[in-house]
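Before any comments, here is the structure.
Values in this document were obtained by computation on a predicted structure and should not be read as measured data. Scope of the values below: all heavy atoms of this structure, side chains included, with no hydrogens, waters or symmetry mates. Chain letters run A, B, ... following the sequence lines, proteins first, then strands; residues in each count from 1.
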Protein chains: 2
Amino acid sequence: MTEEKKIFRDYVKSRGLKHTAQRDEILTYLLKSGRHMSPEEVFHTLRERDPKLGRATVFRTLKLLEECRLASRVTDANGHQTYEGSYGKPHHDHMICVRCGRTVEFSSPRIESLQARIARRKGFQVQWHRHEIFGRCSRCENKI
Amino acid sequence: MTEEKKIFRDYVKSRGLKHTAQRDEILTYLLKSGRHMSPEEVFHTLRERDPKLGRATVFRTLKLLEECRLASRVTDANGHQTYEGSYGKPHHDHMICVRCGRTVEFSSPRIESLQARIARRKGFQVQWHRHEIFGRCSRCENKI
DNA sequence: CTGATACTGAGACTCAGTATCAAAAAGAAA
DNA sequence: TTTCTTTTTGATACTGAGTCTCAGTATCAG
């Protein structure tokens with residue numbers, strides 16, 4: 001059993017929740033894919049294997065995975081929410097290509113610390129942030 | 001006639017579009033309010049004066065105002081889109097209180113330039129970005 | 001004034017996400 | 001393994017933001 005799965009089981013147990021086959025499937029699929037995925041995409045793919053899987057379960061589970069920090073939520077170029085497996089990954093933000101949708105991760109301790117300083121100055125307690133840069137990736141630079 | 005209205009008329013004309021009473025009302029209202037407003041809020045308020053105003057017109061017009069840089073779009077704490085009049089305002093980002101919804105503007109040339117450098121390094125052509133910090137504002141710091 | 005064209009509003013539609021609730025599954029304890 | 005409580009599930013209906021369509025209407029250049 002992977003590290004992530006153990007964390008998930010522990011989290012679930014510690015909160016008095018229950019471990020289920022559906023939750024396990026969703027976690028497994030998200031981890032395996034290694035990409036950003038929309039709830040809808042997860043739903044449709046897993047539904048092919050298990051035609052009884054419900055939409056709501058997927059949404060609920062992804063939210064749960066976000067809560068226990070195994071997944072993180074990212075807004076894509078069209079304003080929709082997607083999730084990515086985030087265990088062991090340090091915090092990072094995204095550049096999103098408006099043409100092909102490809103995302104490139106970036107992180108900048110210097111931006112983070114400037115951000116923290118600005119917030120402090122305005123009396124703001126930071127809980128989380130979202131820093132998304134939209135534009136064209138190198139591959140799409142000169143295309144229509 | 002305000003500067004903004006002139007810009008709007010010119011933009012509309014230059015694109016071969018037409019100036020209408022509805023568009024004017026929506027622009028006027030957005031400018032007067034000076035706040036971030038959801039399309040729905042604009043719609044309901046203006047609808048009271050003009051019961052024939054259509055939802056779609058509001059959405060279309062706000063998008064048009066965004067195109068000609070008279071308004072800018074900001075995601076609120078619940079992930080919904082809002083607009084604010086942005087003419088003459090330099091670019092800025094937002095800190096959003098997750099308790100009361102209040103937004104505080106900030107701008108940091110240093111963050112902007114770090115961002116530009118990172119993008120350049122990854123071969124990314126920046127078109128726009130969104131940097132939103134969520135947390136608690138000073139007034140809500142100690143509340144439930 | 002007139003005609004070409006853009007715009008409008010009504011309403012149907014889409015799509016992401018949520019609420020509800022009865023039936024099913026989990027898992028602790030016996 | 002059986003029982004019992006609690007959580008979870010999936011079907012379904014719903015919500016709310018935003019889009020599409022289209023017939024009728026307004027704008028404005030000539």
Side-chain angles (χ1 to χ4, degrees), chain A residues 5 8-27 29 36-68 71 73-83 101, chain B residues 1 5-6 8-30 36-68 71 73-83 101:
Chain A
K5 293 208 176 181
F8 187 50
R9 286 189 121 96
D10 288 351
Y11 178 79
V12 155
K13 187 182 269 183
S14 75
R15 292 262 321 260
L17 307 177
K18 287 169 180 171
H19 181 263
T20 69
Q22 293 89 333
R23 289 177 173 177
D24 202 65
E25 280 300 308
I26 292 166
L27 174 57
Y29 182 58
H36 296 90
M37 311 236 286
S38 66
E40 223 60 34
E41 191 182 348
V42 174
F43 173 59
H44 283 115
T45 311
L46 293 184
R47 170 93 139 183
E48 283 172 27
R49 295 184 215 155
D50 174 7
K52 306 205 63 194
L53 180 66
R55 284 167 65 69
T57 301
V58 173
F59 279 93
R60 287 186 288 230
T61 302
L62 289 171
K63 200 174 278 180
L64 192 60
L65 291 172
E66 194 192 4
E67 265 170 52
C68 64
R73 200 156 36 100
V74 183
T75 306
D76 75 7
N78 306 310
H80 296 139
Q81 305 301 321
T82 63
Y83 290 83
Chain B
M1 178 154 56
K5 293 207 175 182
K6 220 157 85 199
F8 187 48
R9 286 189 121 97
D10 289 350
Y11 178 77
V12 156
K13 187 184 267 182
S14 75
R15 292 263 320 261
L17 308 177
K18 287 170 181 174
H19 183 262
T20 69
Q22 291 89 332
R23 289 177 173 177
D24 202 64
E25 280 300 309
I26 291 167
L27 173 57
T28 303
Y29 182 58
L30 186 69
H36 296 89
M37 312 235 287
S38 66
E40 223 59 34
E41 191 182 347
V42 174
F43 173 59
H44 283 114
T45 311
L46 294 182
R47 169 93 140 184
E48 282 171 26
R49 296 185 214 156
D50 174 7
K52 307 204 64 193
L53 179 67
R55 284 167 65 71
T57 301
V58 174
F59 279 92
R60 286 185 288 229
T61 302
L62 290 171
K63 198 174 279 180
L64 193 60
L65 292 171
E66 194 193 3
E67 265 171 51
C68 63
R73 200 155 36 101
V74 183
T75 307
D76 75 8
N78 306 309
H80 296 139
Q81 305 301 320
T82 62
Y83 289 83

When we call it a touch if two heavy atoms are under 4.0 Å apart, what does R60(B) touch: a base, just sugar-phosphate, or nothing? base

L62(A) to P39(A) - nearest heavy-atom pair and separation: CD1-CA, 3.7 Å

On DNA chain D, more 5' by nearest nucleotide between P39(B) and G16(A) is G16(A)

Distance from L53(A) atom CG to E48(A) atom CD, nearest 0.5 Å? 11.5 Å

Between the opening five pairs and the closing five pairs of the helix from dC1(C)-dG30(D) to dA30(C)-dT1(D), how far apart are the helix axes, to 10°? 30°

Where does the chain A footprint on DNA chain D start and end, counting 5' to 3' with a 4.0 Å heavy-atom cut-off? dT6(D) to dA11(D)

Test side chain to side chain contact (heavy atoms under 4.5 Å, CB included) applied to K5(B) - qualifying residues, sequence neighbours left out: M1(B), T2(B), D24(B), L27(B), T28(B)

For V58(B) versus I26(B), what's the shortest heavy-atom pair and its separation? CA-CD1, 3.9 Å

R23(A): which residues meet the side chain to side chain contact (heavy atoms under 4.5 Å, CB included) condition with it, sequence neighbours left out? F8(A), L17(A), T20(A), T61(A), L64(A)

Looking at every strand, decide which applies to R15(A) at a 4.0 Å heavy-atom threshold: base, sugar-phosphate, or nothing. nothing

Roughly how far, to the nearest 0.5 Å, is the CD atom of E41(A) from the OH atom of Y83(A)? 14.0 Å

Residue set satisfying side chain to side chain contact (heavy atoms under 4.5 Å, CB included) with R55(B), at least two apart, ordered chain then number -> E40(B), F43(B), F59(B)

Heavy-atom contacts under 4.0 Å between residues 50-59 of chain B and DNA chain C, which residues? K52(B), L53(B), G54(B), T57(B)

Please list all pairs passing the salt bridge (charged side-chain N to carboxylate O under 4.0 Å, His left out) test where one or both residues lie in residues 8-18 of chain B, with sequence neighbours left out. R15(B)-E67(B)

Spatial distance of atom OG1 (T45(A)) from atom OH (Y29(A)) [nearest 0.5 Å]: 3.0 Å

Test of understanding: with salt bridge (Lys or Arg N to Asp or Glu O under 4.0 Å), list the residues that count as partners of R73(A), not counting sequence neighbours. E66(A)

Within the 4.0 Å limit for protein heavy atoms, which parts of nucleotides 22-30 of chain C are touched? Write it as a string from 5' to 3', B for base, S for sugar-phosphate only, - for none. ----BS---

Which residues pass the side chain to side chain donor-acceptor pair (under 3.5 Å) test with E25(A), not counting sequence neighbours? R49(A)

